[in-house]
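All ligand and atom numbering here is 1-based and tracks the order in the structure.
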Amino acid sequence: EKGGYDYFMLKEIAEQPKAVADTLLGRIDPAGSLTLDEVRISPSELREIDKVVIVACGTAFHAGLIAKYAIEHWTRIPCEVELASEFRYRDPILDVQSLVIAISQSGETMDTLMALRHAREQGSKVLAICNTNGSTIPRESDAVLYTHAGPEVAVASTKAFLTQLVACYLVALYLGQVRGTKWGDEIRDVVRELSRISVEVERVLRTMEPVRALARTLAAKNTVLFLGRHVGYPVALEGALKLKELAYMHAEGFAAGELKHGPIALIEEDLPVVVVVPSPRGRSVLHDKIVSNIQEIRARGARTIVIAEEGDEAVVPYADHLIRIPATPTLLQPLVATVPLQVFACELATARGNEVDQPRNLAKSVTVE
Ligand code: BG6
């Protein structure tokens with residue numbers, strides 16, 4: 001049932017192009033606009049929304065962090081993202097004009113469920129983004145957008161995460177479309193790029209052998225740091241989470257701009273630091289700033305592992321290891337940038353003799369608070 005792979009996780013990583021394509025299927029019409037039949041919140045209600053709040057746990061929370069960039073950019077609706085376990089205990093400000101998005105692979109995570117119940121009690125509309133048909137979270141929500149990743153068995157989430165991102169982009173684009181936005185042209189371009197993205201994910205998967213080889217050389221390390229900016233920041237958090245879950249290593253993700261406010265004190269000789277580099281096109285100021293960060297940490301002895309777009313030559317002199325990803329629109333980059341980090345963590349776990357599919361102390365679905 002592992003389809004010839006040693007672990008479910010490897011199988012699920014490999015299934016990502018299909019999972020992404022399946023989640024897009026039937027949701028973009030030939031003219032390039034979005035159809036979301038399962039969203040049973042009417043366009044007129046969506047036009048009344050004045051705030052979006054995303055609640056989720058673990059990897060799904062990271063998808064939510066990325067969604068915030070897309071939702072605020074394309075719709076200009078303020079968006080908060082909160083760990084579901086923190087949400088209801090702080091008396092969050094919610095009303096009928098708030099749209100709460102609950103993201104959950106299993107649809108059974110108790111923290112997320114309690115957060116959405118709290119939101120509904122305040123009169124807010126809840127949209128679930130979920131991978132499991134008929135599970136509790138979508139049943140208790142006003143609307144659901146299912147991710148079509150298929151069953152995910154490995155505890156560490158991979159294909160479900162990529163499809164959560166796709167679903168979040170669809171929601172953001174759809175909100176932009178029903179509300180009208182000055183980014184109309186950009187939305188059309190992104191829809192076009194999104195419908196091609198599974199091919200790019202496939203391309204990344206074909207180039208992962210050097211990432212695996214690199215991971216094996218780091219098996220004896222204790223710490224790996226991850227840096228990113230903009231949507232690359234949650235990608236860094238996700239890369240670090242994967243390494244904690246699977247390799248039981250101390251791994252932390254930082255916003256690269258925060259480096260000088262603390263984390264740079266951690267840099268020492270031969271410390272592996274993974275840096276997710278934004279596109280040199282698009283928000284190029286951020287690209288240049290992160291290249292300076294790479295220079296700074298390398299000057300202090302870090303071993304730099306740089307994930308950068310094809311054609312980005314500026315990073316080459318400062319990368320001890322260079323992992324190439326295809327060029328994508330800035331906001332979509334997490335769909336390709338996360339994949340090498342999944343492979344990296346999986347291979348490190350294997351090299352350290354860990355149980356990849358069933359990491360110690362973790363469960364696939366946590367149905368207690
Ligand atoms: C954790 C799992 O307990 O729950 C993570 O180990 C997962 O992998 C998180 O991301 C959230 O789960 P779900 O099913 O709500 O997406």
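Side-chain N/O atoms of Asn131 and Thr147 include a donor and acceptor closer than 3.5 Å. For the residue pair Glu152/Ser157, the side-chain donor-acceptor check at 3.5 Å is satisfied. Side-chain atoms of Gln333 and Glu309 include no donor-acceptor pair closer than 3.5 Å.
By the side-chain hydrogen bond (donor to acceptor under 3.5 Å, both in side chains) test, Lys244 is found to be paired with no residue, residues two or more places apart in sequence or in another chain being considered. The side-chain contact (heavy atoms from CB on, under 4.5 Å) test applied to Glu269 returns no partner, not counting sequence neighbours. Residues that satisfy the side-chain hydrogen bond (donor to acceptor under 3.5 Å, both in side chains) test with Thr338, not counting sequence neighbours, are absent from this structure.
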Do any nitrogen or oxygen atoms of ligand 1 lie under 3.5 Å from a protein nitrogen or oxygen, and which ones?
{"residue": "ligand 1", "atom": "6 (O)", "partner": "Ala363", "partner atom": "O", "Å": "3.2"}
{"residue": "ligand 1", "atom": "8 (O)", "partner": "Val155", "partner atom": "O", "Å": "3.2"}
{"residue": "ligand 1", "atom": "10 (O)", "partner": "Thr59", "partner atom": "N", "Å": "3.0"}
{"residue": "ligand 1", "atom": "12 (O)", "partner": "Thr109", "partner atom": "OG1", "Å": "3.4"}
{"residue": "ligand 1", "atom": "14 (O)", "partner": "Ser104", "partner atom": "OG", "Å": "3.4"}
{"residue": "ligand 1", "atom": "14 (O)", "partner": "Gln105", "partner atom": "N", "Å": "3.4"}
{"residue": "ligand 1", "atom": "14 (O)", "partner": "Ser106", "partner atom": "N", "Å": "2.8"}
{"residue": "ligand 1", "atom": "14 (O)", "partner": "Ser106", "partner atom": "OG", "Å": "2.6"}
{"residue": "ligand 1", "atom": "14 (O)", "partner": "Thr109", "partner atom": "OG1", "Å": "3.4"}
{"residue": "ligand 1", "atom": "15 (O)", "partner": "Ser104", "partner atom": "OG", "Å": "2.6"}
{"residue": "ligand 1", "atom": "15 (O)", "partner": "Thr109", "partner atom": "OG1", "Å": "2.5"}
{"residue": "ligand 1", "atom": "16 (O)", "partner": "Gln105", "partner atom": "N", "Å": "2.7"}

